[in-house]
Structures are given as C-alpha cells and as structure tokens.
Amino acid sequence: MDADATRPTCYRIVLKGELGDDFQALFEGLRLERAGGETVLTGALDQAQLGGVIARVQNLGIELVSIEPVIKE
C-alpha cells in the first residue's frame, strides 16, 4: 500500500445545508461547523477514511459541495 494513502491529511469537507447535532455521531472524529446554509467537516483522514466519509454523505443523500486538503503554513 502506498505510504501516502495511509498517512492522515487534514481535510475540509463542505456539505450543502446545515446539518443538525444528531449528525455529529455519523461523522465521529470530525469537527462539524454550520454557517451560511452549509456544514463544514474538518479533520485528519487517511484515504480509506476519506472514502468512507464520501460514501456516508452519498448514502445520506447530502449534496457534497467541495473537499480540499487544509494546508498548514
């Protein structure tokens, strides 16, 4: 397995709509913030975990706005 695929990267995942607190349990380990009609999930994920979050979002029928790595300076 590629070492980069198993190394966690901090991601910012933006979802359409402001999800309620009950969704926090579905995205355990990620910070959930709501503002301006969107929900932002932030946290460190390896590639398998990121794929799991994307699949969960799709299964819930939530619109995925964007995914981007958070670059620390």
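As the structure is a computational prediction, the values presented were derived from the model and not from experiment.
- Looking at Leu32 and Arg34, their side chains come closer than 4.5 Å, going by heavy atoms from C-beta outward.
- Using modelled atom types, one side-chain atom of Gln49 and one backbone atom of Asp46 make a donor-acceptor pair closer than 3.5 Å.
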List the steps and the verdict of side-chain contact (heavy atoms from CB on, under 4.5 Å) for Val14 and Thr39. CA-CA 6 Å; Val14 181; Thr39 299; over 6 Å; no
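- By the side chain to side chain donor-acceptor pair (under 3.5 Å) test, Arg12 pairs with no residue at all, sequence neighbours left out.
- Side chain of Glu33 to main chain of Val40: no donor-acceptor pair is present (N/O by atom type, distance under 3.5 Å, no hydrogens or angles).
- Using a 4.5 Å heavy-atom threshold, the side chains of Thr42 and Tyr11 count as separate.
- Environment of CG in Asp22: crowded, with over 12 heavy atoms of neighbouring residues, nucleotides or ligands closer than 6.0 Å.
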Show me the side-chain donor-acceptor pairs of residues 56-68 shorter than 3.5 Å, one per line, residues at least two apart or across chains.
| from | atom 1 | to | atom 2 | distance (Å) |
| --- | --- | --- | --- | --- |
| Arg56 | NH1 | Leu26 | O | 2.8 |
| Asn59 | ND2 | Ala55 | O | 3.3 |

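- You'll find the side chain of Leu19 reaches within 4.5 Å of the side chain of Phe27, heavy atoms only.
- Here the closest heavy-atom approach between residue Gly43 and residue Leu30 is recorded as CA-CD2, 3.6 Å.
- Linking Ile, Leu, Val, Met, Phe, Trp and Tyr residues whenever their side-chain heavy atoms come within less than 4.5 Å leaves Leu45 and Val70 in two separate clusters.
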